[in-house]
Amino acid sequence: MLANTSRHVSYCRLCASSCGVLVDVEDGRIGRILGDTQHPISGGYTCPKGRRGGDLTHSPDRLTTSLRRSDRTHVDGAGHVPIATADAVRDIAARLDEVIARYGPDSVALFTGTQHNFAALTPLMARAWFRGTGSHKLFSTMTIDQSAKWVVAERMGSYLGGRQRIENADVWLLAGTNPVVSGNGGDGDGAVVQNPSWTLRSARERGLRLIVVDPRRTETAALADIHLTPRPGTDAVLFAGLLHVILAESLHDHHFTAQYVADLPQLIGAVSQVTPTVVQRICAVPAEQVVETARVFAGGSRGMATSGTGVCMGPHSNVAEHLLAALNVVCGRFLREGEPADDRAVLTRQVPARAEVAPAERAYRKGFRSRIGGLRAIRGELPSGILADEILEPGPDRVRALIVSGGNPAAALPDRDKTLRALRSLDLLVSIDPWMSDTARLADYVIAPTTMYERADHTMIMEPFFPTPFAQFTPAVVSPPAGVVDDWRFFFDLAAASGQPIKFAGRQLDPGDPPTADDLLAMAAERGRVPVNDLTAAPHGRLAPRSDAIVGPADPDRAAHRLTLMPDDVAAELRSALAETTAAVRYPFLLTVRRIREAVNSTGTRVPGLVPGGINPVSVHPRDLTVLGLRDGQDVEVRSSSGKLRTCARSDATLTRGTVAITHCFGSIDDGESGANVNALTGRGQGVQAINAMPTLTAVPVAIAAIEDHERRTP
Ligand SMILES: Nc1nc2c(c(=O)[nH]1)N[C@H]1C(S)=C(S)[C@@H](COP(=O)(O)OP(=O)(O)OC[C@H]3O[C@@H](n4cnc5c(=O)[nH]c(N)nc54)[C@H](O)[C@@H]3O)O[C@H]1N2
Ligand SMILES: Nc1nc2c(c(=O)[nH]1)N[C@H]1C(S)=C(S)[C@@H](COP(=O)(O)OP(=O)(O)OC[C@H]3O[C@@H](n4cnc5c(=O)[nH]c(N)nc54)[C@H](O)[C@@H]3O)O[C@H]1N2
Ligand code: SF4
Ligand SMILES: [Mo]
């Protein structure tokens, strides 16, 4: 190493995996990033985008100062001039105060994106600011992601003893998720997050049987014992069929269902018609494979079925996710009274596990009511599927000012045209983003924040994703450019400038005396069992001793609570999934979601040399290409009933025939053709779910055709 080079231990904060890394800093700049082999969880694993973290921080389009739009005419991306962040905060506070005075607090909205969640202090301080506004217009990416899981808890209830874990399971079913690439595998239950390929391989060597449900032979499916390739969008029927076999053959957990389920007969009735033959007809999964899968899943002694975006983004996502959860319930895949509790809290507060049910309360019915379709806030959030309408539709509490934290709604929301129209029509749009994302280009103010290695942090909010109790603290390893601020500091200063109280981790902060990040990190973790100070002495992170907590008995007042597996609305949704026939004449292909290793949503899409070719192709099965008369690499137009886009075709034999895939969050409002944005093809035309207004983002019917030479010349 050179004299002016130093090596620092830290962890990557681009996705929930939180891989341990070694960062070489040369002349104040990030050089090489290596996997930290001494990290007790990730063990040296990193992915391509993590290793290019330095290119993200030091890229030429990294913002080193905040910006303000210099004129009020909406010329996207043009006319931004530097502004000191303190001045920007003062202006934004004044304009928010004006909007609130004129139209009330509900005319102000906050949208939080993926990268908002990867700095421990950002969500806490952003919420502190938002609470002070008095607004109900809170939006996040969860409602365009896997909020079907929230809907399940609202309609089924939840078991509070904890779930079985992959570490000691003998069977696992992964549906619509590709953790080897995404590090996901089952939102929030930490199924396969760190070092995913190794984790799955070693589980299989131990004897775990892996079932993967995915229309594509993904990197994860390649490791499976059983790979089912259902027709996209038909998961609800497939899961109903698995339940049918399990219940018909009496393979379910009689004891668990008798104790915790209110309506097993209703479930049995609802799936009674969904025989393996029906599944074969609707899902194109052979009947004998349905029977075998049901037996293997129910025959294991421990292990769960978990899902990702492929299930939660389909046209029947809420019922599909409900039935997947029902598989776990009927097989009793939960921790019982007296078993060691799954207690991974280290910096967060421990919540005692109890062998009891929190019944379905449908609390969303009491949530804030939007004038758009009468939709209700669920868990305090309005669905992002209605954000554009909240901005565009006239009404007394129409959204006029939007603050976007660590997100890129211009690229991520369905119905791209409408979304862009909405964002352009706002009185005030603020984007807090280290890069000129599409959303930033449309913004009146762009606040330039620190990037991950420029700030101190700890893993508090990542605890549910670790396989075992673990915590890590990292100091900043490089100095940020002079003009940027930590994300939390923007929200602190904004609240202070509006004279709002700032309540953080249960206490009132003094707006005149800003705390340091280290103070706040310690305060946030006050109720954990390991003090933050102990972590600074353990740079590679600390495995906390397993707690001796056990699953306690049900509180007598709650012992009679039961889960509801088949309420009437779920039954109606299942009937509609069974009745669907595909009219595949105009749109013969089904477009599916997929993620790529090289980018996390839009982060990384513009790093030169990271994404292969820098383009976002549509993947098509080679035989389908032949039938369409297309070559690998040929320019094509993809159409749906909501819109169209241009990109190139890429031959991909891992797809099921009739299925195509395009990843999301690519593209730019400046260059229509390169890096196509898939949300040109999504919108209300593709259907939305009741309750969470979740748009359909997978199994979208599309057509593909070559772009003729004359069309290419005159776009
Ligand atoms: N490298 C990388 N990692 C990421 C991200 C990223 O962009 N890049 N994004 C992060 C985010 S925000 C999220 S939400 C998670 C998501 O993590 P995952 O849910 O694991 O996302 P994907 O890798 O897209 O896997 C979805 C899978 O669903 C399959 N699928 C598509 N349609 C259907 C269907 O109708 N039924 C079934 N059964 N399967 C279907 C696809 O073929 C695909 O393999 O990943 C996170 N991690
Ligand atoms: N058609 C279709 N649409 C989809 C999906 C799909 O599969 N198909 N997936 C959906 C899903 S699951 C999700 S989660 C959403 C993603 O939606 P978003 O979360 O809105 O999209 P991202 O690109 O992750 O936005 C993150 C932004 O944060 C910025 N950023 C990076 N680091 C920092 C930081 O340290 N601080 C701050 N303040 N900003 C930072 C990045 O530059 C980027 O602009 O997209 C959804 N939309
Ligand atoms: S982006 Fe890659 S290196 Fe970073 S935490 Fe996620 S998987 Fe690990
Ligand atoms: Mo997501």
Side-chain angles (χ1 to χ4, degrees), residues 11-21 33 35 39 42 45-53 56-57 61-63 111-119 122 126 139-147 181-184 187 193-196 308-310 312-313 384 404-416 431-440 446-455 457 462 465 484-488 490 591-595 597-606 661-666 677-683 686 695-698 700:
Y11 64 92
C12 177
R13 281 150 277 171
L14 285 179
C15 83
S17 301
S18 313
C19 299
V21 293
I33 296 179
H39 193 276
S42 60
Y45 173 88
T46 53
C47 78
K49 60 194 172 300
R51 292 191 292 272
R52 296 286 294 273
L56 283 166
T57 294
D61 56 349
R62 162 77 196 283
L63 298 175
F111 178 90
T112 67
T114 308
Q115 298 298 328
H116 168 91
N117 299 307
F118 297 148
T122 309
F139 299 84
S140 84
T141 42
M142 183 61 179
T143 47
I144 46 168
D145 187 341
Q146 294 169 56
S147 57
V181 165
S182 70
N184 188 264
D187 195 71
V193 181
Q194 286 84 16
N195 208 341
T309 54
C312 292
M313 293 184 169
S384 290
V404 175
S405 173
N408 188 5
L413 290 178
D415 200 338
R416 184 162 166 86
S431 162
I432 307 140
D433 202 305
W435 295 280
M436 265 327 240
S437 69
D438 271 2
T439 306
V446 187
I447 302 297
T450 49
T451 58
M452 57 183 164
Y453 297 118
E454 296 164 344
R455 61 182 171 235
D457 223 327
M462 295 304 158
F465 298 97
V484 310
V485 290
D486 279 350
D487 288 87
W488 69 264
F490 166 74
L591 169 73
T592 55
V593 292
R594 95 185 271 177
R595 273 155 180 72
R597 269 184 218 275
E598 294 79 11
V600 197
N601 308 328
S602 60
T603 307
T605 54
R606 294 185 195 165
I662 307 180
T663 198
H664 62 298
C665 281
F666 264 77
N677 186 287
V678 73
N679 281 320
L681 302 171
T682 66
Q686 271 61 50
T696 299
L697 302 176
T698 201
V700 172

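It should be emphasised that the depicted structure is a prediction, and the values quoted were computed from it without experimental measurement. Atoms within each ligand, like the ligands themselves, are counted from 1 in listed order. The chain is numbered in sequence order, starting from 1.
Which of H664, R62, R606 comes nearest to atom 8 (N) of ligand 2 through a heavy atom is settled by distance: it is H664. When the heavy atoms of G407, A412, A411, S431 are ranked by distance to atom 47 (N) of ligand 2, first place goes to A412. Of the listed options P434, A440, S437, P434 places a heavy atom closest to atom 34 (C) of ligand 2. Nearest to atom 26 (C) of ligand 2 by heavy-atom distance, out of P695, G113, G406, is G406.
Contact annotation for I432 and ligand 2: heavy atoms of both the backbone and the side chain come within less than 4.0 Å of the ligand. Only the backbone of S18 comes within contact range of ligand 3, with a heavy atom under 4.0 Å; no side-chain atom does. With a heavy-atom cut-off of 4.0 Å, L697 touches ligand 2 through its side chain alone. Within the 4.0 Å heavy-atom criterion, neither part of R51 lies near ligand 3.
Not a single heavy atom of F118 lies less than 4.0 angstrom from ligand 2. Ligand 2 is never approached by L413 to a heavy-atom distance shorter than 4.0 Å. Assignment of R13 to the shell around ligand 2 is not supported, since no heavy atom sits closer than 4.0 Å. Residue contact check for ligand 2: R594 places no non-hydrogen atom closer than 4.0 Å to it. Residue contacts with ligand 2 include M313, since one or more of its heavy atoms lies under 4.0 Å from the ligand.
Within the listing of ligand 2, atoms 7 (O), 8 (N) sit less than 4.0 angstrom from a heavy atom of V593. Interface of T141 with ligand 2, defined as ligand atoms under 4.0 Å from a residue heavy atom, comprises 14 (S), 15 (C), 16 (C), 17 (O), 18 (P), 19 (O), 20 (O).
The closest protein non-hydrogen atom to atom 11 (C) of ligand 2 is R595 NH2, 3.7 Å. The nearest heavy-atom contact from the protein to atom 4 (Fe) of ligand 3 is C12 SG, 2.3 Å. Residue, atom and distance of the protein heavy atom nearest to atom 2 (Fe) of ligand 3 are C47 SG, 2.3 Å. Shortest contact from atom 20 (O) of ligand 2 to any protein heavy atom: N408 N, 2.7 Å. Looking at atom 36 (N) of ligand 2, its nearest protein heavy atom turns out to be D487 OD1, 3.3 Å. From the protein, the heavy atom lying nearest to atom 23 (O) of ligand 2 is S602 OG, 2.4 Å. Of the protein's non-hydrogen atoms, I144 O, 3.5 Å is the one closest to atom 10 (C) of ligand 2.
For C19, every N, O or S atom stays at 2.8 Å or more from atom 2 (Fe) of ligand 3. At a cut-off of 2.8 Å, C15 is counted among the residues with an N, O or S atom near atom 6 (Fe) of ligand 3.
For the pair V484 and L63, the minimum side-chain heavy-atom distance is 4.5 Å or more.
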